[in-house]
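Numbers here simply count residues along the sequence, with the first being 1. Read the numbers this way: they start at 1 and go in the same order the structure lists the ligands and their atoms.
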Amino acid sequence: MRIVTIIFTVLISIASVFADESDYTANIGKTPPMGWNSWNKFHRGISADIIREIADGAAKYKLNEAGYKYLVIDDAWQASGLGPNEELVADPNKFPDGIAPLVKYVRDRGFELGIYACPNKLTCAGFPGSLGHEKLHAKQFGDWGCMFLKYDFCPTRSGEIGLAYDEVVRRFRAMGDALHDQDPRIVYAICEKGHAGKINRRTRKHAGITTPVTLEERLKAFSWCADVGGVMWRTTGDISANWDRIMSIVDEQEGLACLSGPGAFNDPDMLEVGNGNLTEAENRAHFTLWCMLSAPLILGNDLREIPKDVLEIITNEELIALDQDLMCKQAKKVLDQGDIEYFVKPLADGDFAVCVLNRSGQSQDVVIDWSKLGLDKDAYTVRDPWARKDLGVVKKQLLCTIGSHDVFVVRLGEAK
Ligand code: GLA
(Lines give C-alpha, C1' and ligand atoms only; values in the text may rest on other atoms or scores of the structure.)
Protein backbone atom coordinates (compact mmCIF):
# COMPACT_ATOMS: atom_id res chain seq x y z
CA MET A 1 0.00 0.00 0.00
CA ARG A 2 2.84 2.37 0.93
CA ILE A 3 4.67 1.62 -2.31
CA VAL A 4 1.53 2.44 -4.26
CA THR A 5 1.22 5.76 -2.40
CA ILE A 6 4.87 6.61 -3.07
CA ILE A 7 4.58 5.80 -6.80
CA PHE A 8 1.38 7.85 -6.97
CA THR A 9 3.07 10.82 -5.24
CA VAL A 10 6.07 10.63 -7.59
CA LEU A 11 3.76 10.56 -10.61
CA ILE A 12 1.82 13.58 -9.32
CA SER A 13 5.05 15.54 -8.79
CA ILE A 14 6.30 14.65 -12.29
CA ALA A 15 2.94 15.74 -13.71
CA SER A 16 3.08 19.05 -11.87
CA VAL A 17 6.64 19.72 -13.07
CA PHE A 18 5.42 19.26 -16.65
CA ALA A 19 2.32 21.35 -15.97
CA ASP A 20 4.60 24.12 -14.77
CA GLU A 21 6.80 23.83 -17.88
CA SER A 22 3.98 24.13 -20.37
CA ASP A 23 1.62 26.50 -18.60
CA TYR A 24 3.21 29.93 -18.58
CA THR A 25 0.39 31.53 -16.70
CA ALA A 26 0.03 28.94 -13.93
CA ASN A 27 1.07 31.26 -11.14
CA ILE A 28 0.87 34.82 -12.36
CA GLY A 29 -1.83 37.40 -12.71
CA LYS A 30 -4.62 35.01 -11.82
CA THR A 31 -6.95 37.96 -11.42
CA PRO A 32 -6.64 40.93 -13.81
CA PRO A 33 -3.37 42.88 -13.30
CA MET A 34 -3.80 46.29 -11.67
CA GLY A 35 -1.48 49.27 -11.92
CA TRP A 36 -0.72 52.49 -13.74
CA ASN A 37 0.87 53.32 -17.11
CA SER A 38 2.49 56.59 -18.19
CA TRP A 39 1.13 56.86 -21.75
CA ASN A 40 -2.42 58.21 -21.42
CA LYS A 41 -1.37 61.21 -19.33
CA PHE A 42 2.26 61.89 -20.22
CA HIS A 43 2.82 60.37 -23.68
CA ARG A 44 6.48 60.99 -24.55
CA GLY A 45 6.99 63.48 -21.71
CA ILE A 46 8.25 61.03 -19.11
CA SER A 47 11.38 61.06 -16.95
CA ALA A 48 12.82 59.47 -13.83
CA ASP A 49 11.61 62.50 -11.86
CA ILE A 50 8.04 61.98 -13.03
CA ILE A 51 8.12 58.24 -12.29
CA ARG A 52 9.41 58.94 -8.78
CA GLU A 53 6.67 61.56 -8.23
CA ILE A 54 4.07 59.11 -9.53
CA ALA A 55 5.34 56.44 -7.11
CA ASP A 56 5.16 58.99 -4.27
CA GLY A 57 1.58 59.87 -5.27
CA ALA A 58 0.57 56.21 -5.57
CA ALA A 59 1.96 55.62 -2.06
CA LYS A 60 0.37 58.80 -0.66
CA TYR A 61 -3.07 57.70 -1.88
CA LYS A 62 -2.38 54.09 -0.71
CA LEU A 63 -3.20 52.71 -4.14
CA ASN A 64 -1.35 49.49 -3.30
CA GLU A 65 -3.88 48.84 -0.55
CA ALA A 66 -6.65 49.14 -3.16
CA GLY A 67 -4.84 46.46 -5.24
CA TYR A 68 -2.79 48.52 -7.71
CA LYS A 69 0.66 46.99 -8.12
CA TYR A 70 2.55 47.80 -11.34
CA LEU A 71 3.76 51.28 -12.32
CA VAL A 72 4.58 50.95 -16.00
CA ILE A 73 6.86 53.22 -18.03
CA ASP A 74 5.46 53.26 -21.58
CA ASP A 75 7.18 54.27 -24.84
CA ALA A 76 9.83 57.02 -25.15
CA TRP A 77 12.00 55.96 -22.20
CA GLN A 78 14.73 54.78 -24.60
CA ALA A 79 17.69 56.55 -26.17
CA SER A 80 17.44 56.98 -29.94
CA GLY A 81 19.74 54.04 -30.74
CA LEU A 82 20.69 50.65 -29.32
CA GLY A 83 23.95 50.39 -27.34
CA PRO A 84 27.22 48.86 -28.65
CA ASN A 85 26.03 45.31 -27.90
CA GLU A 86 22.53 45.90 -29.34
CA GLU A 87 21.17 46.42 -25.84
CA LEU A 88 18.42 48.90 -25.02
CA VAL A 89 19.66 52.11 -23.43
CA ALA A 90 17.59 54.51 -21.35
CA ASP A 91 17.53 58.12 -22.57
CA PRO A 92 20.40 59.70 -20.55
CA ASN A 93 18.57 63.03 -20.27
CA LYS A 94 15.28 61.61 -19.04
CA PHE A 95 16.66 58.66 -17.03
CA PRO A 96 20.26 59.62 -16.15
CA ASP A 97 20.72 56.71 -13.72
CA GLY A 98 19.01 54.13 -15.90
CA ILE A 99 16.04 52.00 -14.91
CA ALA A 100 17.31 49.77 -12.06
CA PRO A 101 17.31 52.51 -9.35
CA LEU A 102 13.68 53.28 -10.23
CA VAL A 103 12.76 49.65 -9.60
CA LYS A 104 14.08 50.03 -6.06
CA TYR A 105 12.40 53.43 -5.59
CA VAL A 106 9.05 52.08 -6.68
CA ARG A 107 9.43 48.83 -4.69
CA ASP A 108 10.29 50.75 -1.51
CA ARG A 109 6.87 52.42 -1.85
CA GLY A 110 4.97 49.16 -2.27
CA PHE A 111 4.82 48.83 -6.07
CA GLU A 112 6.65 47.05 -8.93
CA LEU A 113 8.07 48.73 -12.01
CA GLY A 114 6.98 47.77 -15.52
CA ILE A 115 8.49 48.69 -18.87
CA TYR A 116 7.65 48.90 -22.58
CA ALA A 117 9.22 47.36 -25.69
CA CYS A 118 8.26 46.41 -29.22
CA PRO A 119 8.61 43.38 -31.57
CA ASN A 120 9.53 45.56 -34.56
CA LYS A 121 12.60 47.52 -35.58
CA LEU A 122 11.07 50.69 -34.14
CA THR A 123 8.54 51.34 -31.39
CA CYS A 124 5.34 53.28 -32.05
CA ALA A 125 7.11 56.51 -30.99
CA GLY A 126 10.13 55.68 -33.20
CA PHE A 127 12.60 54.34 -30.62
CA PRO A 128 14.60 51.10 -31.05
CA GLY A 129 12.58 47.88 -30.92
CA SER A 130 13.53 44.41 -29.67
CA LEU A 131 13.16 42.40 -32.89
CA GLY A 132 15.99 39.84 -33.03
CA HIS A 133 17.22 40.83 -29.55
CA GLU A 134 14.46 39.28 -27.48
CA LYS A 135 16.72 37.24 -25.15
CA LEU A 136 19.13 40.10 -24.51
CA HIS A 137 16.39 42.65 -23.87
CA ALA A 138 14.38 40.27 -21.67
CA LYS A 139 17.56 39.71 -19.65
CA GLN A 140 17.99 43.47 -19.25
CA PHE A 141 14.39 43.85 -18.01
CA GLY A 142 14.84 40.92 -15.63
CA ASP A 143 18.23 42.13 -14.36
CA TRP A 144 16.79 45.59 -13.69
CA GLY A 145 13.95 43.96 -11.74
CA CYS A 146 11.03 44.95 -13.98
CA MET A 147 8.00 42.76 -13.24
CA PHE A 148 5.76 43.75 -16.16
CA LEU A 149 6.41 44.14 -19.87
CA LYS A 150 4.05 45.81 -22.34
CA TYR A 151 5.11 44.47 -25.75
CA ASP A 152 3.58 46.68 -28.42
CA PHE A 153 3.37 45.76 -32.12
CA CYS A 154 4.04 48.81 -34.30
CA PRO A 155 3.94 47.89 -37.99
CA THR A 156 3.51 51.41 -39.37
CA ARG A 157 6.80 52.86 -38.17
CA SER A 158 8.75 49.85 -39.37
CA GLY A 159 7.01 49.49 -42.75
CA GLU A 160 5.61 46.11 -41.69
CA ILE A 161 1.91 46.63 -42.11
CA GLY A 162 0.45 43.40 -43.51
CA LEU A 163 3.04 41.08 -41.91
CA ALA A 164 1.92 37.42 -41.97
CA TYR A 165 -0.10 36.11 -39.03
CA ASP A 166 2.44 33.36 -38.22
CA GLU A 167 5.33 35.80 -38.21
CA VAL A 168 3.56 38.14 -35.77
CA VAL A 169 2.78 35.21 -33.46
CA ARG A 170 6.39 33.98 -33.76
CA ARG A 171 7.69 37.38 -32.65
CA PHE A 172 5.41 37.49 -29.61
CA ARG A 173 6.32 33.90 -28.72
CA ALA A 174 10.03 34.77 -28.91
CA MET A 175 9.60 37.45 -26.22
CA GLY A 176 7.17 35.25 -24.22
CA ASP A 177 9.78 32.46 -24.11
CA ALA A 178 12.60 34.87 -23.28
CA LEU A 179 10.65 36.46 -20.42
CA HIS A 180 9.57 33.09 -19.10
CA ASP A 181 13.21 31.90 -19.03
CA GLN A 182 14.20 35.14 -17.34
CA ASP A 183 11.54 35.15 -14.63
CA PRO A 184 8.14 33.51 -15.07
CA ARG A 185 6.60 35.98 -12.63
CA ILE A 186 7.00 38.87 -15.10
CA VAL A 187 3.55 39.84 -16.39
CA TYR A 188 3.58 39.68 -20.19
CA ALA A 189 1.15 42.27 -21.56
CA ILE A 190 0.63 41.74 -25.28
CA CYS A 191 -0.38 44.81 -27.27
CA GLU A 192 -0.89 43.58 -30.82
CA LYS A 193 -4.29 45.15 -31.46
CA GLY A 194 -5.48 42.62 -34.03
CA HIS A 195 -2.92 43.33 -36.77
CA ALA A 196 -2.04 39.68 -37.46
CA GLY A 197 -5.68 38.65 -37.63
CA LYS A 198 -6.36 41.60 -39.96
CA ILE A 199 -9.08 43.02 -37.78
CA ASN A 200 -7.16 46.20 -37.00
CA ARG A 201 -8.63 49.14 -38.87
CA ARG A 202 -5.30 50.18 -40.44
CA THR A 203 -4.24 46.66 -41.42
CA ARG A 204 -7.65 46.00 -42.92
CA LYS A 205 -7.56 49.17 -44.99
CA HIS A 206 -4.03 48.36 -46.16
CA ALA A 207 -5.17 44.88 -47.25
CA GLY A 208 -8.16 46.43 -49.08
CA ILE A 209 -10.67 44.51 -46.95
CA THR A 210 -13.96 46.39 -46.86
CA THR A 211 -16.27 43.85 -45.22
CA PRO A 212 -17.12 44.29 -41.52
CA VAL A 213 -15.12 42.21 -39.04
CA THR A 214 -16.89 38.99 -38.07
CA LEU A 215 -16.85 37.49 -34.56
CA GLU A 216 -14.97 34.47 -35.92
CA GLU A 217 -12.21 36.76 -37.22
CA ARG A 218 -12.03 38.62 -33.91
CA LEU A 219 -11.73 35.39 -31.94
CA LYS A 220 -8.99 34.10 -34.25
CA ALA A 221 -7.13 37.40 -33.95
CA PHE A 222 -6.56 36.91 -30.20
CA SER A 223 -6.69 33.11 -29.93
CA TRP A 224 -2.87 32.77 -29.76
CA CYS A 225 -2.15 35.36 -27.05
CA ALA A 226 -2.51 33.18 -23.92
CA ASP A 227 -0.61 30.39 -25.65
CA VAL A 228 2.53 32.51 -26.09
CA GLY A 229 2.49 33.53 -22.41
CA GLY A 230 0.25 36.62 -22.52
CA VAL A 231 -1.45 37.42 -19.22
CA MET A 232 -3.39 40.19 -20.98
CA TRP A 233 -3.75 41.32 -24.57
CA ARG A 234 -5.07 44.51 -26.13
CA THR A 235 -8.22 43.88 -28.11
CA THR A 236 -8.52 47.36 -29.60
CA GLY A 237 -6.63 50.32 -30.99
CA ASP A 238 -5.88 53.21 -28.63
CA ILE A 239 -8.37 54.55 -26.14
CA SER A 240 -8.85 58.31 -25.65
CA ALA A 241 -10.54 60.34 -22.91
CA ASN A 242 -13.73 60.57 -24.91
CA TRP A 243 -17.15 59.01 -24.21
CA ASP A 244 -17.79 57.83 -27.79
CA ARG A 245 -14.41 56.12 -27.99
CA ILE A 246 -14.97 54.41 -24.63
CA MET A 247 -18.35 53.17 -25.87
CA SER A 248 -16.92 51.86 -29.15
CA ILE A 249 -14.28 49.94 -27.16
CA VAL A 250 -17.01 48.39 -25.00
CA ASP A 251 -18.78 47.30 -28.20
CA GLU A 252 -15.59 45.69 -29.47
CA GLN A 253 -15.46 43.38 -26.43
CA GLU A 254 -18.70 41.64 -27.34
CA GLY A 255 -18.23 37.94 -28.01
CA LEU A 256 -14.67 37.80 -26.66
CA ALA A 257 -15.58 36.57 -23.14
CA CYS A 258 -14.68 32.98 -24.04
CA LEU A 259 -10.98 33.94 -24.47
CA SER A 260 -10.70 35.37 -20.98
CA GLY A 261 -10.31 33.48 -17.69
CA PRO A 262 -7.99 33.19 -14.69
CA GLY A 263 -4.50 34.38 -15.66
CA ALA A 264 -5.52 35.41 -19.20
CA PHE A 265 -7.44 38.60 -19.95
CA ASN A 266 -8.84 40.58 -22.83
CA ASP A 267 -7.49 44.11 -22.40
CA PRO A 268 -9.77 46.93 -23.62
CA ASP A 269 -6.84 49.36 -23.00
CA MET A 270 -5.73 51.49 -20.09
CA LEU A 271 -8.17 53.60 -18.10
CA GLU A 272 -8.85 57.25 -18.87
CA VAL A 273 -10.66 57.83 -15.55
CA GLY A 274 -9.64 61.33 -14.42
CA ASN A 275 -8.32 62.40 -17.82
CA GLY A 276 -9.59 64.96 -20.32
CA ASN A 277 -13.11 66.28 -19.90
CA LEU A 278 -14.83 63.08 -18.85
CA THR A 279 -17.63 63.89 -16.40
CA GLU A 280 -17.92 62.19 -13.02
CA ALA A 281 -20.70 59.97 -14.41
CA GLU A 282 -18.58 59.04 -17.44
CA ASN A 283 -15.59 58.24 -15.22
CA ARG A 284 -17.81 56.04 -13.04
CA ALA A 285 -19.37 54.27 -16.04
CA HIS A 286 -15.94 53.70 -17.67
CA PHE A 287 -14.48 52.23 -14.46
CA THR A 288 -17.56 50.08 -13.82
CA LEU A 289 -17.57 48.62 -17.31
CA TRP A 290 -13.89 47.69 -17.06
CA CYS A 291 -14.61 45.96 -13.71
CA MET A 292 -17.57 44.12 -15.25
CA LEU A 293 -15.35 42.97 -18.12
CA SER A 294 -12.69 41.60 -15.73
CA ALA A 295 -10.33 43.92 -17.56
CA PRO A 296 -6.84 44.78 -16.31
CA LEU A 297 -7.24 47.97 -14.26
CA ILE A 298 -4.31 50.05 -15.47
CA LEU A 299 -4.83 53.67 -14.41
CA GLY A 300 -3.82 56.39 -16.86
CA ASN A 301 -4.31 59.55 -14.81
CA ASP A 302 -1.86 61.79 -12.95
CA LEU A 303 -1.30 60.13 -9.58
CA ARG A 304 0.58 63.09 -8.10
CA GLU A 305 -2.66 64.90 -7.22
CA ILE A 306 -5.90 62.97 -7.54
CA PRO A 307 -9.22 64.85 -7.22
CA LYS A 308 -11.51 63.40 -4.52
CA ASP A 309 -14.22 62.20 -6.94
CA VAL A 310 -11.65 60.39 -9.09
CA LEU A 311 -9.96 58.80 -6.05
CA GLU A 312 -13.31 57.54 -4.79
CA ILE A 313 -13.99 55.90 -8.13
CA ILE A 314 -10.62 54.18 -8.60
CA THR A 315 -10.49 52.91 -5.01
CA ASN A 316 -14.08 51.68 -4.57
CA GLU A 317 -13.33 48.28 -3.04
CA GLU A 318 -16.72 46.79 -3.93
CA LEU A 319 -16.25 47.58 -7.62
CA ILE A 320 -12.64 46.36 -7.55
CA ALA A 321 -13.90 43.13 -5.94
CA LEU A 322 -16.09 42.56 -9.02
CA ASP A 323 -13.07 43.02 -11.29
CA GLN A 324 -10.85 40.83 -9.12
CA ASP A 325 -13.43 38.09 -8.60
CA LEU A 326 -11.62 34.75 -8.62
CA MET A 327 -13.80 33.22 -11.31
CA CYS A 328 -12.55 35.98 -13.68
CA LYS A 329 -15.67 35.87 -15.86
CA GLN A 330 -15.96 38.67 -18.38
CA ALA A 331 -19.47 40.15 -18.27
CA LYS A 332 -21.73 39.54 -21.24
CA LYS A 333 -24.24 41.96 -22.66
CA VAL A 334 -27.53 40.08 -22.15
CA LEU A 335 -30.04 42.71 -23.25
CA ASP A 336 -29.78 45.64 -25.62
CA GLN A 337 -32.59 48.21 -25.69
CA GLY A 338 -30.78 50.76 -27.81
CA ASP A 339 -29.47 53.40 -25.44
CA ILE A 340 -29.95 51.13 -22.43
CA GLU A 341 -27.77 48.04 -22.23
CA TYR A 342 -27.62 45.32 -19.55
CA PHE A 343 -24.48 43.38 -18.62
CA VAL A 344 -24.30 40.36 -16.30
CA LYS A 345 -21.17 38.97 -14.65
CA PRO A 346 -21.38 35.70 -12.66
CA LEU A 347 -19.24 35.74 -9.51
CA ALA A 348 -17.33 33.01 -7.68
CA ASP A 349 -19.62 32.93 -4.63
CA GLY A 350 -22.74 32.41 -6.74
CA ASP A 351 -23.70 36.11 -6.78
CA PHE A 352 -24.22 38.09 -10.00
CA ALA A 353 -23.16 41.62 -10.83
CA VAL A 354 -25.66 43.45 -13.04
CA CYS A 355 -24.72 46.71 -14.73
CA VAL A 356 -27.20 48.85 -16.64
CA LEU A 357 -25.58 51.40 -18.96
CA ASN A 358 -27.35 54.54 -20.12
CA ARG A 359 -25.61 55.65 -23.34
CA SER A 360 -28.11 58.41 -24.05
CA GLY A 361 -27.84 62.15 -23.43
CA GLN A 362 -30.79 62.15 -20.96
CA SER A 363 -31.48 60.44 -17.68
CA GLN A 364 -33.71 57.38 -18.06
CA ASP A 365 -36.16 55.49 -15.85
CA VAL A 366 -35.39 51.81 -16.15
CA VAL A 367 -37.09 48.62 -14.99
CA ILE A 368 -34.59 45.83 -14.36
CA ASP A 369 -36.48 42.59 -14.74
CA TRP A 370 -34.54 39.57 -13.43
CA SER A 371 -36.16 37.14 -15.87
CA LYS A 372 -35.23 39.26 -18.92
CA LEU A 373 -31.58 39.06 -17.89
CA GLY A 374 -31.58 35.26 -17.83
CA LEU A 375 -31.56 35.18 -14.02
CA ASP A 376 -33.70 32.28 -12.87
CA LYS A 377 -34.66 33.22 -9.31
CA ASP A 378 -37.78 35.14 -8.41
CA ALA A 379 -36.07 37.20 -5.69
CA TYR A 380 -32.52 38.33 -4.90
CA THR A 381 -30.80 40.27 -2.14
CA VAL A 382 -29.58 43.51 -3.73
CA ARG A 383 -26.52 45.57 -2.89
CA ASP A 384 -25.63 48.88 -4.57
CA PRO A 385 -21.80 49.02 -4.53
CA TRP A 386 -21.52 52.70 -5.57
CA ALA A 387 -23.96 53.85 -2.87
CA ARG A 388 -22.53 51.16 -0.53
CA LYS A 389 -26.12 50.35 0.40
CA ASP A 390 -28.15 47.16 0.85
CA LEU A 391 -31.48 47.47 -0.92
CA GLY A 392 -32.98 44.37 0.74
CA VAL A 393 -34.70 41.45 -1.00
CA VAL A 394 -36.16 42.47 -4.34
CA LYS A 395 -38.74 40.36 -6.17
CA LYS A 396 -38.93 40.19 -9.97
CA GLN A 397 -38.11 43.82 -10.83
CA LEU A 398 -36.10 46.78 -9.64
CA LEU A 399 -36.88 50.34 -10.74
CA CYS A 400 -34.13 52.91 -11.02
CA THR A 401 -33.27 56.21 -12.66
CA ILE A 402 -29.92 56.36 -14.45
CA GLY A 403 -28.31 59.66 -15.39
CA SER A 404 -26.95 60.38 -18.85
CA HIS A 405 -23.71 58.48 -19.65
CA ASP A 406 -23.92 56.73 -16.29
CA VAL A 407 -24.44 53.22 -14.96
CA PHE A 408 -26.48 51.55 -12.27
CA VAL A 409 -24.80 48.50 -10.76
CA VAL A 410 -26.12 45.94 -8.33
CA ARG A 411 -24.71 42.82 -6.75
CA LEU A 412 -27.39 40.14 -6.52
CA GLY A 413 -27.22 37.37 -3.95
CA GLU A 414 -29.33 34.41 -3.02
CA ALA A 415 -32.44 35.41 -1.03
CA LYS A 416 -32.81 32.88 1.80
C1 GLA B 1 0.67 52.48 -29.26
C2 GLA B 1 -0.03 51.81 -28.08
C3 GLA B 1 -0.24 52.84 -26.98
C4 GLA B 1 1.10 53.41 -26.54
C5 GLA B 1 1.82 54.01 -27.76
C6 GLA B 1 3.25 54.40 -27.44
O7 GLA B 1 -0.12 53.43 -29.88
O8 GLA B 1 -1.24 51.25 -28.49
O9 GLA B 1 -0.90 52.25 -25.88
O10 GLA B 1 1.87 52.39 -25.96
O11 GLA B 1 1.89 53.08 -28.84
O12 GLA B 1 3.95 54.85 -28.55
Return the closest protein heavy atom for atom 9 (O) of ligand 1 as residue, atom name and distance. Lys150 NZ, 2.8 Å
Distance from atom 11 (O) of ligand 1 to nearest protein heavy atom, with residue and atom: Asp152 OD2, 3.0 Å
Using a 4.0 Å cut-off to any heavy atom of Arg234, which atoms of ligand 1 qualify? 8 (O), 9 (O)
With a 4.5 Å heavy-atom cut-off, do Val354 and Leu373 have their side chains touching? yes
Tell me yes or no: between the side chains of Asn266 and Gln330, is some donor less than 3.5 Å from an acceptor?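 The criterion, which ignores hydrogens and geometry beyond distance, is satisfied for Gln330 and Asn266.
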Return yes or no for this condition: an N or O of Trp39 is under 3.5 Å from an N or O of ligand 1.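 By distance alone, the answer is no.
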Selected option - heavy-atom contact closest to atom 8 (O) of ligand 1, from Asp238, Asp74, Asn37, Asp75: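 Considering heavy atoms of Asp238, Asp74, Asn37, Asp75, the nearest to atom 8 (O) of ligand 1 sits in Asp238.
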Residue pairs involving residues 272-326 (criterion ring-ring contact (aromatic ring centres under 6.0 Å, His included); sequence neighbours excluded): His286-Trp290
Using heavy atoms and a 4.0 Å limit, tell me yes or no: is Lys193 in contact with ligand 1?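 It does; at least one heavy atom falls under 4.0 Å.
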Under 3.5 Å, sequence neighbours excluded: what are the donor-acceptor pairs made by side chains of residues 94-103?
residue: Lys94; atom: NZ; partner: Arg44; partner atom: O; Å: 3.1
residue: Lys94; atom: NZ; partner: Ala76; partner atom: O; Å: 2.7

Indicate, with yes or no, whether the SG-to-SG separation of Cys118 and Cys154 is under 2.5 Å. no
